[in-house]
Each structure stands twice: as C-alpha cells, then as structure tokens.
Engineer: 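Okay, here's the structure, questions in a sec.
Both backbone and side-chain heavy atoms feed into the values below; hydrogens, waters and symmetry mates do not. Chain letters run A, B, ... following the sequence lines, proteins first and then strands; every chain starts at 1.
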There are 2 protein chains.
Amino acid sequence: MAQKETVERILDAAEVLFAERGFAETSLRTITSAAGVNLAAVNYHFGSKKSLIQAVFVRFLDPLVDEIERQLNQLQAEKERLTVEDLLQVLTSSVYEIHGRGSNRATSFMRLLGLAYTQSQAHLRKFIGERYGNAFQHYASHLKPALPGATAADLFWHTHFALGTAIFTMSNFDALRAMSENDTGERTPVDFIVSRLTAFMAAGLHNAAHE
Amino acid sequence: MAQKETVERILDAAEVLFAERGFAETSLRTITSAAGVNLAAVNYHFGSKKSLIQAVFVRFLDPLVDEIERQLNQLQAEKERLTVEDLLQVLTSSVYEIHGRGSNRATSFMRLLGLAYTQSQAHLRKFIGERYGNAFQHYASHLKPALPGATAADLFWHTHFALGTAIFTMSNFDALRAMSENDTGERTPVDFIVSRLTAFMAAGLHNAAHE
DNA sequence: GTCTATAACGCGATAGAC
DNA sequence: GTCTATCGCGTTATAGAC
C-alpha cells in the first residue's frame with residue numbers, strides 16, 4: 001500500500017512534467033521532489049529513468065488501445081464497412097472515454113505521444129512499436145476498405161500525414177491556442193479545434209483515393 | 001580567414017548533429033570534435049550554446065525567406081490571385097532552390113524546423129518569432145483570398161494543421177521512409193512523398209472554405 | 001585567434017544504514 | 001521500503017598561456 005502509493009505518485013508527477021518539458025529536460029530530482037518522495041525511489045521501483053518513461057506510456061496506452069479495440073468491434077457489429085469518419089471518431093471518443101472530455105490528462109497524453117516521436121528516445125520508440133504495433137496494424141487495416149482507390153504506399157503515407165497533423169496539433173495545443181487567442185481575440189473551444197482537425201484529416205485522407 | 005573557417009566549420013557540424021540528435025542531446029564536445037576545432041571555440045565565437053543554435057537557424061532561414069519573398073512577388077506580377085497550390089509550390093521550390101533538390105541539407109532543414117517546435121527551447125521559438133514573424137504573416141496573408149469562404153479562425157487553425165503535417169513528416173522523414181520501405185519493400189522517391197504531402201495539405205486547406 | 005586546463009555544476013545511479 | 005550520502009560522469013563556460 002505504501003509502495004503502491006509511491007509508485008503512483010511518481011507516475012503522476014512524471015507524466016505531467018514529461019509532457020511539459022520533455023524527457024531529457026526533466027530530471028529525476030525534479031520528479032521525485034514534485035512527487036514528495038525520495039530521489040532513490042525511482043531507481044528502486046522502476047530501475048532506471050528509461051523504464052520510468054516506458055511505465056508512464058504503458059499506464060495510459062494500455063487502457064486506450066483496449067478502448068479503441070472495443071469501439072472498433074462494437075461498430076463493426078453494427079455496419080459492415082467503416083468510413084474514414086467512423087475511424088477518426090473512434091480515436092477521439094476513445095481518448096475522451098479514457099481521460100475525460102477536455103481534461104488536462106487528454107492533452108498531456110497527446111503531448112507525450114508527440115514527444116515519443118520527436119524526442120530522441122530510441123528505446124521508447126522501440127518499446128512502443130513492440131508493445132502496440134499489432135494494435136496499430138489492426139486499426140490501420142480498417143482504413144484500406146474505407147479508401148478503396150488507394151495503393152499500399154498511398155495508405156502508408158496518408159495515414160502518417162494524418163497522424164502527424166494530429167500529433168503536431170495536440171502536442172503544441174496550448175501554444176497554438178495562445179497564438180490563436182492573441183490573433184483573433186477569442187479563445188477557441190476544444191471541440192471546435194477537434195472537429196476542424198478531424199475534418200482536415202478526413203479531407204486529406206479521402207484525397208488518397210482520388211488520384 | 002582562419003576565424004571565418006572555424007565559424008563555418010562549427011555551423012556545418014552543428015547543423016548536421018542538431019538535426020540528427022536534437023539540441024539537448026548534442027554536446028558542444030561532440031560538435032567541436034566533429035568540426036575539428038577546440039572545445040572553447042564555440043563559446044569564443046558564439047558566446048553560448050543557445051546563440052549557436054540561433055546562428056544555425058539564421059544561416060538557412062535568412063536566404064530561404066528571401067527566396068520565398070522573391071517567388072511570391074514574381075508570381076503576383078503574373079496573376080492577380082494566387083491559389084493554395086501556388087502558395088504551397090512556392091514553399092517547396094524555395095527549399096529546393098536554396099538547398100538543392102533532394103539534398104541532405106533540405107531534409108536537415110525540415111528536421112531542424114520540426115525540432116524548433118517540439119523541443120523545449122523557448123529562447124529559439126521567441127527568436128524565430130521575432131525575426132521571421134513578419135515574413136510568416138506576409139505569406140499567410142496570401143492564403144485569405146485563396147480560401148474565400150474561411151473565417152479568421154478557420155485560416156489560423158487550418159494553416160497550422162498544414163504546417164504540422166509538413167513539419168511532422170519532414171522531421172521524421174528518414175524514420176518514415178525506413179518504415180515504408182519495411183512495409184512495402186520499395187524505397188519511396190522523395191518527389192512522390194513531397195507531391196502527396198502537398199496534395200494532402202491542399203485538400204485539408206480547401207476543406208476550410210467548404211463549411 | 002586559438003589553445004589547454006579546469007572550474008562549477010547537475011545529472012543518473014548506487015551502497016549501506018535504518 | 002525508504003532514507004542519506006556520495007560516486008563517477010558529462011555538461012557548459014571561463015581563465016590564462018601561447
């Protein structure tokens with residue numbers, strides 16, 4: 001019980017701090033002092049900083065991929081062929097379902113996902129690829145029938161274009177919203193941004209089938 | 001002459017190494033030893049690591065924004081209203097014009113631009129915003145007449161969606177191409193990716209005007 | 001203008017007491 | 001399981017010789 005509490009406190013603090021600053025820029029000293037635990041606790045419970053980083057990802061990715069899988073199966077039971085819009089909807093509603101609509105954790109999560117791609121943490125990309133590669137392949141396999149004209153190369157590239165759009169937007173979410181507020185004088189609601197984002201991605205993806 | 005050579009050697013090495021590993025992960029020791037100069041030379045010529053990072057960006061952004069400006073003016077002399085496709089074409093051909101078609105420097109450049117957004121270097125984003133903000137605004141101002149139905153908020157968000165798509169793709173260019181080669185067994189030509197990318201962005205941007 | 005040598009510091013990790 | 005104390009290393013930056 002005391003153990004579990006310490007582990008959870010470390011994960012909570014690490015998740016927020018990593019999302020704010022990145023991995024290399026967040027020291028174990030910062031994490032442990034924010035969590036109110038001893039510096040040695042991270043190495044005791046997780047073994048290393050790398051393992052801690054991986055544990056942060058497991059804690060939010062495991063439930064998320066389960067939820068995505070669940071929604072995919074449910075939707076497939078209702079209709080035989082899923083549309084691009086269906087598939088994008090599954091992603092957003094899964095994130096909402098797991099982390100709560102508009103919560104800080106949802107944006108933290110997207111920012112971490114962005115960092116996983118862009119920061120040089122080879123161990124992390126390897127780990128994520130090994131643990132979640134199958135789930136990603138399964139999700140991507142639904143895109144093929146949804147975009148009938150597309151070749152395999154089209155699918156690969158357009159999928160990653162869309163992934164990039166989402167990851168970039170979400171991982172710079174706060175900075176972009178601040179810029180937008182500065183430009184237009186209005187604070188854009190999260191739902192507006194998400195719906196525009198998915199529309200942008202859907203338009204780009206559909207473009208794959210038309211060439 | 002000896003000085004200029006040292007400065008250039010440092011910039012050359014730093015540009016490549018930053019693009020490969022990121023800023024925090026590249027030490028001055030690595031840069032100076034790759035450049036074949038003394039460790040102290042960076043602090044002597046640039047003052048600090050932060051200033052070196054900024055100098056790397058200035059060296060390739062200054063000529064690029066000049067070239068973009070030149071092409072914009074030239075195109076505007078030929079036709080009164082520029083299309084979205086025109087504007088995207090200006091970007092890609094400017095990069096090609098400055099750094100050479102398919103050169104390593106062009107991909108280095110995009111990767112660095114991606115890092116500028118995603119790595120936590122607040123000083124760099126501030127510096128870029130101050131030095132190139134006007135040029136960005138000028139370029140973006142051409143988008144408004146190209147997308148007649150869009151509101152100011154539409155424009156802001158769709159522009160940054162497209163920017164994100166490009167930055168994410170280019171900054172992960174090598175990794176994505178390796179994945180694609182692994183998937184399909186073929187090495188995708190750069191031109192194919194760039195043309196698909198711009199088509200994806202154009203489709204997403206046009207979508208802004210239709211809602 | 002460029003070098004060597006080193007200061008001053010923060011980092012991850014661990015040994016050993018409790 | 002948690003603590004203190006510390007090791008060993010890598011970092012940026014600088015002082016001073018040449």
Side-chain angles (χ1 to χ4, degrees), chain A residues 1-59 112 115-116 119-127, chain B residues 1-57 59 112 115-116 119-124 126-127:
Chain A
M1 148 114 162
Q3 176 195 351
K4 189 177 180 189
E5 207 170 86
T6 299
V7 167
E8 293 285 315
R9 289 160 69 96
I10 292 173
L11 285 172
D12 287 342
E15 182 175 302
V16 172
L17 289 167
F18 283 151
E20 281 175 358
R21 320 182 182 189
F23 305 115
E25 296 83 357
T26 307
S27 68
L28 295 185
R29 284 171 167 79
T30 309
I31 294 169
T32 50
S33 85
V37 305
N38 189 272
L39 169 60
V42 168
N43 276 283
Y44 178 78
H45 288 291
F46 296 93
S48 70
K49 186 179 179 179
K50 286 184 181 179
S51 302
L52 170 61
I53 294 173
Q54 295 177 3
V56 167
F57 276 84
V58 165
R59 191 171 64 147
L112 283 170
L115 293 178
Q119 300 225 334
S120 51
Q121 298 279 339
H123 72 96
L124 181 58
R125 280 191 291 277
K126 184 164 176 271
F127 174 79
Chain B
M1 148 116 162
Q3 176 195 351
K4 188 178 179 187
E5 207 170 86
T6 300
V7 167
E8 292 287 313
R9 289 159 69 97
I10 292 173
L11 285 172
D12 288 342
E15 182 175 301
V16 172
L17 289 166
F18 284 151
E20 281 174 0
R21 321 183 180 185
F23 306 115
E25 296 81 359
T26 307
S27 67
L28 295 185
R29 281 173 168 78
T30 310
I31 294 169
T32 51
S33 85
V37 303
N38 188 269
L39 169 59
V42 169
N43 276 284
Y44 178 76
H45 288 291
F46 297 93
S48 71
K49 186 179 179 179
K50 285 184 181 178
S51 302
L52 170 61
I53 295 174
Q54 295 177 4
V56 167
F57 276 83
R59 191 172 63 148
L112 283 169
L115 293 179
Q119 300 224 337
S120 52
Q121 298 279 339
H123 72 96
L124 181 58
K126 183 164 175 274
F127 175 79

Engineer: Among residues two or more places apart or on two chains, list those pairs meeting side-chain hydrogen bond (donor to acceptor under 3.5 Å, both in side chains) that have a residue in residues 14-24 of chain A.
Structural biologist: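 Residue pairs passing side-chain hydrogen bond (donor to acceptor under 3.5 Å, both in side chains), neighbours aside: A:Glu15-A:Arg59, A:Glu15-A:Arg105.
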Engineer: Could you state the CG-C1' distance from B:Leu52 to D:dT11, rounded to the nearest angstrom?
Structural biologist: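 Nearest whole value for this atom pair: 15 Å.
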Engineer: Distance check: side-chain N/O of A:Thr6 vs OP1/OP2 of D:dT2, anything under 4.0 Å?
Structural biologist: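 So the side-chain polar atoms of A:Thr6 do come within 4.0 Å of the phosphate oxygens OP1 or OP2 of D:dT2, strictly under.
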Engineer: Tell me which pairs pass side-chain hydrogen bond (donor to acceptor under 3.5 Å, both in side chains) where either residue lies in residues 25-38 of chain B, with sequence neighbours left out.
Structural biologist: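 Qualifying pairs, neighbours excluded: A:Ser120-B:Glu25, B:Ser27-B:Thr30.
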Engineer: If I take atom CD1 in residue B:Ile53 and atom C1' in nucleotide D:dT12, what distance separates them, rounded to the nearest angstrom?
Structural biologist: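 Spelled out: CD1 on B:Ile53 to C1' on D:dT12 is 12 Å.
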Engineer: I'd like to compare against my own output: the B/S/- annotation of nucleotides 11-18 of chain C with a strict under-4.0 Å heavy-atom distance to protein.
Structural biologist: BBBB----
Engineer: Using whole Å, report how far CD of B:Gln121 lies from C1' of D:dT12.
Structural biologist: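 These atoms are roughly 14 Å apart.
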Engineer: Listed by chain and number, what are the side-chain contact (heavy atoms from CB on, under 4.5 Å) partners of A:Phe23, not counting sequence neighbours?
Structural biologist: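 Here the qualifying residues are A:Phe18, A:Ile53, A:Phe57, A:Leu112, A:Leu115, A:Gln119, A:Gln121, A:Leu124.
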Engineer: Please name all residues satisfying salt bridge (Lys or Arg N to Asp or Glu O under 4.0 Å) with A:Lys126, sequence neighbours left out, ordered by chain then number.
Structural biologist: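 Result, salt bridge (Lys or Arg N to Asp or Glu O under 4.0 Å) vs A:Lys126: A:Glu130.
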Engineer: Does any non-hydrogen side-chain atom of A:Leu11 lie less than 4.5 Å from one of A:Phe46?
Structural biologist: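 With C-beta onward as the side chain, the pair touches.
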Engineer: Within this structure, what is the CG-NZ distance for the pair A:Asn43 and A:Lys49, rounded to the nearest 0.5 Å?
Structural biologist: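 Output value for this atom pair is 11.0 Å.
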